[in-house]
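Numbered from 1 within each chain, the chains take letters A, B, ... in sequence-line order.
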Protein chains: 2
Amino acid sequence: MSRNQESKMKILSTASTLFQKQGYHATGLNQIIKESGCPKGSLYYYFPEGKEQLATEAINRTKDFAAQELRNLFSQHDDVIKALECFFGQCLSFNPKIAHDGIPLALISLETWHMSEQLRLACKNAYEELIMILREKFIQSNWPPEEATEMAYLVFSMIEGGSIFVLTYKSNESLKRICKSIIELIKLKQKEIRRKLRNEL
Amino acid sequence: MSRNQESKMKILSTASTLFQKQGYHATGLNQIIKESGCPKGSLYYYFPEGKEQLATEAINRTKDFAAQELRNLFSQHDDVIKALECFFGQCLSFNPKIAHDGIPLALISLETWHMSEQLRLACKNAYEELIMILREKFIQSNWPPEEATEMAYLVFSMIEGGSIFVLTYKSNESLKRICKSIIELIKLKQKEIRRKLRNEL
DNA sequence: GTCTATATGTTGATAGAC
DNA sequence: GTCTATCAACATATAGAC
């Protein structure tokens, strides 16, 4: 790989981190190039459409990274409940002071949905992919497609909402409670589903 | 009420709306005074500490407004499930294009938690008050305090997360699904709680 | 491809006349 | 209390030498 592509990757990874933590508007291009150590000229060379293009590619990068991690994590457990417990453990192991990987997209999505169709669609696309991964896991555990879809959306909305509390409270406590409740509720729901399945047989 | 206080209120209400929709960094003081119709001199007369003070008071205003509405809504139903169904109906009746009252705080909280302790605490305080209102409603419906706390956090995190989807997707569909699932899960949990209570008697 | 210098606009904030 | 003029600092973006 040429030296140029290395510069592009450096800019992109720095931008991803900063956009996730500080948001779109609070992150200046000057800060990005300064922290990446790359020359400013390179930024507009690799991202000629400027900030919006850079943010779009940063979102896609974040999505790819998260999707890969999620798939990898889920491949280690057959049962969806075990997989989610593992996933939640991962979420909770992050220190709120340094990591905010729980909400890689919430902030930039809330900031930009009304002003940039390009960024909104990038976020939407990212959410859809991540949710589908979880949905597939429910289906693998014999959940009916309809219930799998519903629960996947539910779990993701709780993670997003719970992550907001983590940062606002600067504490993991509420997310811990939330994850515990989710697992409990999923188990309740799974019992109901299996009972229904037995009755249908 | 003097004319001055009227100017202050006008600035504050305009600021609240803009901060909620566009966020903290995307909303300039110039835009606020322009849309409020008030003179710029008034802004620094009433909010001498500038943007941060204005945002803090805007958050508190939003919190008071939301808390009052929630209390009013909940007072109309004795049962917490009926109350929540009514609340969700209210949430879903908002058009995503014009209203974003579902997430009055998520955006500004995610934007500012790491850079302003004053704003973070204002958001935290707001969340706590709203969650306690819901918790009280669960307790009124004979939920044990521990379970009431857990479920209140859970419901709010789902609403926050679900609202992110509403805006990102520009559609109510996912929030509808989420609300439906929440109600269903609460009913399941309530059955379990009542069974436990009967066993203890 | 890299880097500097700069153009152009907007931000939050202030000073001072009225 | 109101309003104007203005500040310095920041933003995104560009032009052109090397």
A.B. asks: Between C:dT2 atom P and A:Gln5 atom CD, what is the distance in whole Å?
C.D. replies: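 These atoms are roughly 11 Å apart.
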A.B. asks: For B:Gln53 and C:dA13, what is the distance between atoms CD and P respectively, to the nearest whole Å?
C.D. replies: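 To the nearest whole Å, that distance equals 11 Å.
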A.B. asks: Taking the nucleotide of DNA chain D with the closest heavy atom to each, which residue, B:Lys40 or A:Ala26, is nearer the 5' end?
C.D. replies: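 It is B:Lys40, whose closest nucleotide lies nearer the 5' terminus.
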A.B. asks: Students often get this wrong, so: under 4.0 angstrom with heavy atoms, is B:Gly41 touching a base, only sugar-phosphate, or nothing?
C.D. replies: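 Contact class for B:Gly41: base.
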A.B. asks: Using atom CG of A:Leu29 as one end and atom C1' of C:dA7 as the other, report the distance to the nearest whole Å.
C.D. replies: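 Distance check: A:Leu29 CG to C:dA7 C1' gives 16 Å.
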A.B. asks: Taking atom P of C:dT2 as reference, at what distance in whole Å does atom NZ of A:Lys8 sit?
C.D. replies: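 Answer to the nearest Å: 13 Å.
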A.B. asks: What is the distance, rounded to the nearest whole Å, between atom CG of B:Leu43 and atom P of D:dG1?
C.D. replies: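 My rounded result for the distance is 15 Å.
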A.B. asks: Angle between ring planes, B:Phe87 versus B:Phe156, binned at 30° and 60°: parallel, tilted or perpendicular?
C.D. replies: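 Judged by the thresholds at 30° and 60°, the geometry between B:Phe87 and B:Phe156 is tilted.
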A.B. asks: Of the options C:dA13, C:dT2, D:dT12, whose atoms approach the side-chain atoms of A:Tyr45 most closely?
C.D. replies: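 Closest nucleotide to the A:Tyr45 side chain: C:dT2.
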A.B. asks: To the nearest angstrom, how far is A:Glu49 atom CD from D:dT14 atom P?
C.D. replies: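 It works out to 11 Å between those atoms.
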A.B. asks: As a test of reading the structure: which of D:dT2, D:dA11, D:dT14 is closest to the side chain of A:Asn30, going by heavy atoms?
C.D. replies: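 For A:Asn30, the side-chain atoms sit closest to D:dA11.
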A.B. asks: Classify the side-chain pair B:Ser181/A:Glu150 by whether it contains a donor and acceptor separated by less than 3.5 Å.
C.D. replies: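 Yes - a donor-acceptor pair under 3.5 Å links their side chains.
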A.B. asks: Go through D:dT12, C:dT14, C:dT2 for me and flag the one nearest to the B:Tyr44 side chain.
C.D. replies: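 Of the candidates, C:dT14 comes closest.
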A.B. asks: Whole angstroms only, please: what is the NZ-P distance between B:Lys51 and C:dT10?
C.D. replies: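 For the pair B:Lys51 NZ and C:dT10 P, the rounded distance is 15 Å.
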A.B. asks: For C:dG1 and A:Ser42 - does any side-chain N or O of the residue sit under 4.0 Å from the phosphate oxygens OP1/OP2?
C.D. replies: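 No, outside the criterion.
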A.B. asks: Can you tell which of B:Lys124, B:Arg135, B:Lys63 makes a salt bridge (Lys or Arg N to Asp or Glu O under 4.0 Å) with B:Glu129?
C.D. replies: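 When B:Lys124, B:Arg135, B:Lys63 are each tested with B:Glu129, the salt bridge (Lys or Arg N to Asp or Glu O under 4.0 Å) holds only for B:Lys63.
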A.B. asks: What is the distance from CD of A:Gln31 to C1' of D:dA13, rounded to the nearest Å?
C.D. replies: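 Rounding to the nearest Å, CD of A:Gln31 and C1' of D:dA13 are 18 Å apart.
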A.B. asks: Measure from the side-chain heavy atoms of B:Tyr46 and tell me the nearest of D:dG1, C:dG1, C:dA13.
C.D. replies: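 When the side chain of B:Tyr46 is considered, D:dG1 is the closest of D:dG1, C:dG1, C:dA13.
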A.B. asks: How about B:Asp64: does its CG atom have over 12 heavy atoms from other parts shown lying under 6.0 Å from it?
C.D. replies: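 Enclosed.
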A.B. asks: Is A:Lys40 close enough and on-axis enough to A:Tyr45, meaning under 6.0 Å and within 45°, for cation-pi?
C.D. replies: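 Output no; distance or angle outside limits.
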